[in-house]
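Report on the following structure.
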Amino acid sequence: MGVRGRVPVKSFSRPLTTKSMKDIFTLTLILSTIHLATPLVLAALGGLYSERSGVINIALEGLMLAGAFTAAAVTHYVGNPWVGLLAAIVAGILLASIHAVACISFKADQVVTGTAINILMIGVPAVLSGAFFLSSGSTPQIPKENLIPWTPVILALLLVVATYYILYYTPFGLRLRAVGENPEAADAAGINVKRIRYTGVLISGALAAIGGAYLSIGQSSLFTRNMTSGRGFIALAALIFGKWRPVQTMLACLLFGFADALSTQMQGVIDIPVQFIQMIPYVLTMVVLAGFIGLSRAPRALGIPYQKER
Amino acid sequence: MKRCPTCNRTYSDETLSFCLADGALLSASEDPQATLTLPSSQDPQETLRIPASQIPQVTQPSPSAPKTTALELRNITKRFGDVLANDHVTISVMPGTIHAIVGENGAGKSTAMRIAYGFYTADSGDIIVDGEVRDIKTPHDAIALGIGMVHQHFMLVEPMTVAENIVLGAEPGSVAGLDLKKAAAEIRALSNEFKLSVDPNATIESLSVGQQQRVELMKALYRRARLLILDEPTAVLTPQEVEEFFAILRNMREQGKTIIIITHKLSEVLAISDDVTVMRDGRVVGELKTKDTNAAELARLMVGREVLLRVEKSEAKPGDVVLSVRDFSVTARDGSRRVDKVSFDVQRGEIVGIAGVEGNGQTELIEALAGLVDPARVSGRVEYLARDITNANARTRKEQGIAHVPEDRHRRGLLLDFNLAENSILGIHYRRPAVAGLGGILLNDSGIQKRAAQVIKDFDVRPPNPELPARALSGGNQQKLIIGREFELEPKLLLVSQPTRGVDIGAIEFIHRKLVSLRDAGCAVLLVSAELEEVTALADRLLIIHEGRIVGEVDPKQATTEEIGLLMTGGKG
Amino acid sequence: MKLLRQLIFPLIAVVAAFLVGAIFVLLIGDSPVETYRQLLGNAFSWPDGIGYTLFNATPLIFTGLAVAVAFRCGLLNIGAEGQLYVASFATAWVCILFGGVVVDVFGQPVNYSIVSLPAIILIPLGCLTAIVVGALWGAIPGFLKARFGSHEVINTIMMNFIAVALVSYFTQYHYKVPGDPILETAPVGAAAHIPRLGKFIPGLPERIPLNLAFILALIACALVYIFLWRTKWGYEIRATGANPTAAEYGGINVRKQIVLAMAVSGGLAGMVGINEVMGYRYRYYDGFSDNYGFTGIAVALLGRNHPVGVIFAAILFAILSRGGIFVDAFTEHVSKDLVQVLQGTIILFVAAEAIFRGPFGRFGLLKRSKV
């Protein structure tokens, strides 16, 4: 949510000081694209489960922050990134359950609630890091052997396949889609709409948190204030661009990841101020959103609380 | 064919002599004796005066009826806020019968059945299924008890396939994998058994309304429903489709299914049902055998007095042409043509009605004439008072004297969270008397209040408090507010769509009288209504629309319902 | 009675959020009582407490109004942060360009301006710049929504990042005094300074930066009220927010309203620049905003999107943001970021006010007229 504190992530592609245009388009760029797309894919898939069930999840940013902070903090204390990842998932689910309770049970405005969670997540990690690490919003460095640079990448890919299968070939997927399109019809068919929506939102918390965890204990080695720097929102845009479908969404994330990687690679090569290079992913998001939203059909019940007269 | 006199179950096996369901002696006759004690249906005024608390006793099945009901609602009461939707409602449905529940809009028919299906929970009363009191809290419970429901608004997920819709909530296969092949096979088998021809792999969006309805039936059958509740199933069907549909229902009855059909069309009750329950104002006011009653009696029970849908009006004196529509077409966003080259005129001092089955382009025609459709999606020519207004926007049209009562008052007609005063200036909020001062920028409170008071007074909007949000009004009063607002514009042309939908009887008459008086004052009126009775009663000329085309014009005083019905289905013209 | 109903939910939401915050503080290991004493207790002293609180409230009134206006049109403007940055920078730029000779950080007189305008022209010009630039920046996501239907929340967020990068570029490469270690522009001309209230109020020292922009904020509240409820434009914006299809039926150009509402919203957010540049720091200081744009969301929601409510909510959050400094300084573990936690929680409770409607609704006091 905050707009400051964007940390350029370069751990996999440290740019050389003497580079030319030719050096930009290399294997490094591809690897960098994949790495930068991974948190987006995870968060966007999370968003997919929530939004396909009919709940707007603008809280992806906050959920990612929760995952990033928890993963780094727990890994620091326990010394085991897997425990950190697991804790991040738990934190994501807990935070998402706030969104779920407010939006599903109390029919709060989904966008406002999501925004509240995002603001909350500027504060909570900062307060906790102040209390535990005596810092103003960062966790201590995690040693290199305790990082998980590749697992989330593979996990993200597997999750794309799994989500595709779940969405179209399992009863849960069928119900999820039905609830997001026409909750009344699903209700009439004997489906518990609230339960499906809760499940969708909680899954989104878990996945977005994994995405966040990857930022802090995969790509870099610590949590810094607002380290997601808008990735939750970019993931959301990718979800829209990908028409709320898993494979297309992944491709959209790769596009945004590419833009991010390119901007990282270009720094110090081309004589453009760093600020303009940093803008690329954001401008691209807006362009994509404006150009393709008309072609994309949102789940019809998206954003509408299911109100049943009793 | 043998029929059980007590439960109406029919048996094609001539050798049977006892009913398999309740052991009663079967009669060979097609006309079994009625065995239920009926409430006095001779004098409807009498029934009206029966206190609510006594009605259950009146309608309870006589002790001489020995068999088990398929479904029984006993003393069901349900309140929505201040509205008593069901007041000690008791309904008994015998197995293997088609049972009609009739009543006016808002009589409580759908509420009672939605309670039986677990969509609503009753405040008090019991639901008895196959002789046992059951606790039905959700549709899931109802489905488990063999109850299926086809809702008035289809409960289908449009982008999904027929098979996906049918199995939804009762999926074959395991948690890990959906077996849609098995489902498709089962659907085909059911489709053959009940003579419903539906392709399991088609998406719902691609189906006609009639086919969608069959998918709904299939959903219930797939869940092994023994009792089917159908809420206004024919509202969206053409007369021909209704016939086909009834054939399907009769076939289901033969197969032993019990069917409850909610309707307000008496001809259908007489055509299809075995028993009838009549509801009015949330209460059961009659329970009859169909063969022992007739349309007039049912109508009296429904309305509580002689039906008078004849509107008192004098002969129209049409003047100059106000609206002239030529080769006018409207295309939907998806590219389909909704209105197809229609041409007609509306003159001063006449009401031109447009009759047709809903969804045949009426909505799009009226919205386009009101200027609410993107000019890129219309073609042809519209002239108003000899001026071309084909591309004019809604505001310009309103300024020139075209008022519009939209068909959906919640979506279009009202700002539900705004108060009555603010609603009374919607559309004229930028000009006098709504604004004054600073060159017409500031809203003029006294002008707005005056306008609101005028509308409230002239159109009897209750409660008459301009500070109340529109949401707080009943449907009838909301409608009166909209009509009042539009009439206050002193229009030269009124476009009016479904003016009395969901409105109580008293308000209907009021609105009809107002429409006629507006006509007599020299306004041209273009009226669309799904209620054939309403358009024929009000219109001076009647155009019939089918699939976006005007397929005929009749004199509503001369034409018979059959004639109009045939045109509505594209049968002639 | 009506007023009581309007007040009760925000009050409950604040109290509930403070309770949640207290539990949070307790878990961290500090005393909630002491923490809240630091957070709230320093706000009421004269002149520092009140002076600084009102000074801190000034930008929050602007951003709160900004979010409220957009909200009345059914839009959530999360982009006030970006709008106020761009507008503040532009204000500084104009006030440098037309400000004449100034004294830079090294105490040297320098002239960056092309012409020196007198205060009577430069001050209105600076204000106008803040409003217009904010409005333009806000109108872009409005236009994108009206034209393409892309969601304003994502676009305003993206534009926040773009705005921050853009103004940081301009500051760094074009308007920084060479050698200045801080990322800030050269000072604006003295003619662009608007007076501090200490000039007019006895007992209020001029070191307290509370300035005329606060009065301007109050005027803006009145104007927003008149605009929304007393003009035909406001009617159209509110109608669009209440029911866009009905607004369309009423001859209102819904797309135009979306752009207009976002422009007005952006203009209000941009007015933060008047307080910041012309009333407080007299230069553009990169990264000055203490999340004003996001706090504006909490201010608007807590103030029920009404100008009067916005004033009170802004003062509350101003107390919190100043109190945060004392929390940082005087409590052992808790940092000022607690304020953000409270903010998020308050929004959450206001959004899901149905949580409170259950237990209290029974008594009829809180029942809505009819749902």
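In what follows, chains carry the letters A, B, and so on, assigned in the order in which the sequence lines appear, proteins first and then strands, with residues in each chain numbered from 1.
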Any chance NZ of C/Lys145 has more than 12 other-residue heavy atoms, nucleotides or ligands included, within less than 6.0 Å?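 Yes, because the 6.0 Å sphere around NZ of C/Lys145 holds more than 12 heavy atoms from other groups.
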
Check whether more than 12 heavy atoms from other residues, nucleotides or ligands sit under 6.0 Å from atom CZ of C/Phe326, and answer yes or no.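 Yes, the 6.0 Å shell around CZ holds more than 12 heavy atoms from other groups.
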
Just give me the residue among A/Ile117, A/Ile98, A/Asp109, A/Val124 that pairs up with chain C most often, heavy atom to heavy atom, under 4.5 Å.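 Of the candidates given, the most pairs with chain C belong to A/Val124.
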
Can you check whether [X] reaches [Y] side chain to side chain, under 4.5 Å on heavy atoms?
| X | Y | value |
| --- | --- | --- |
| C/Met158 | A/Ile234 | yes |
| C/Tyr173 | A/Gln275 | yes |
| A/Thr115 | C/Phe294 | no |
| C/Leu144 | A/Leu289 | no |

To the closest 0.5 Å, what do you measure between [atom1] ([X]) and [atom2] ([Y])?
| X | Y | atom1 | atom2 | answer |
| --- | --- | --- | --- | --- |
| C/Ile347 | A/Ile119 | CD1 | CD1 | 3.5 Å |
| A/Ser229 | C/Asn160 | OG | CG | 12.5 Å |
| C/Tyr169 | A/Met279 | OH | CE | 9.5 Å |
| C/Phe161 | A/Phe233 | CZ | CZ | 7.5 Å |
| A/His99 | C/Leu348 | NE2 | CG | 9.5 Å |
| A/Leu120 | C/Gln343 | CG | CD | 10.0 Å |

Item to check | Partners meeting salt bridge (Lys or Arg N to Asp or Glu O under 4.0 Å) with C/Glu34 (sequence neighbours left out) | outcome: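 Once residues adjacent in sequence are excluded, the partners of C/Glu34 under the salt bridge (Lys or Arg N to Asp or Glu O under 4.0 Å) criterion are C/Arg37.
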
Which atoms of A/Phe132 come close to chain C, meaning under 4.5 Å heavy atom to heavy atom: side chain ones, backbone ones, both, or neither?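 Neither part.
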
*Contacting moiety of A/Val283, where chain C heavy atoms sit under 4.5 Å*: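 It is both, since atoms from each part get that close.
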
Run the numbers on C/Phe24 and A/Leu128 for side-chain contact (heavy atoms from CB on, under 4.5 Å), then give the verdict.
CA-CA 10 Å; C/Phe24 194 61; A/Leu128 292 180; 4.0 Å; yes

Toward chain A, the part of [X] with a non-hydrogen atom under 4.5 Å:
| X | answer |
| --- | --- |
| C/Gln172 | side chain |
| C/Phe349 | neither |
| C/Leu342 | neither |

**Item:** Most chain A-contacting option - heavy-atom pairs closer than 4.5 Å, from C/Asp337, C/Val334, C/Asp30
**Value:**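 The answer is C/Asp337.
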
Checklist entry - Among C/Ile154, C/Ile162, C/Ile157, whose side chain to side chain contact (heavy atoms under 4.5 Å, CB included) with A/Thr285 holds? => result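 Only match with A/Thr285 under side chain to side chain contact (heavy atoms under 4.5 Å, CB included): C/Ile154.
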
Q | Nearest heavy-atom neighbours spanning C/Ala352 and A/Ala102 | A |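 It is CB-CB, 4.0 Å.
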
Practice prompt. Mind listing the closest non-hydrogen atom pair of A/Gly123 and C/Gln340 along with its distance?
Written response: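 For A/Gly123 versus C/Gln340, the nearest heavy atoms are CA-CB, 3.4 Å.
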
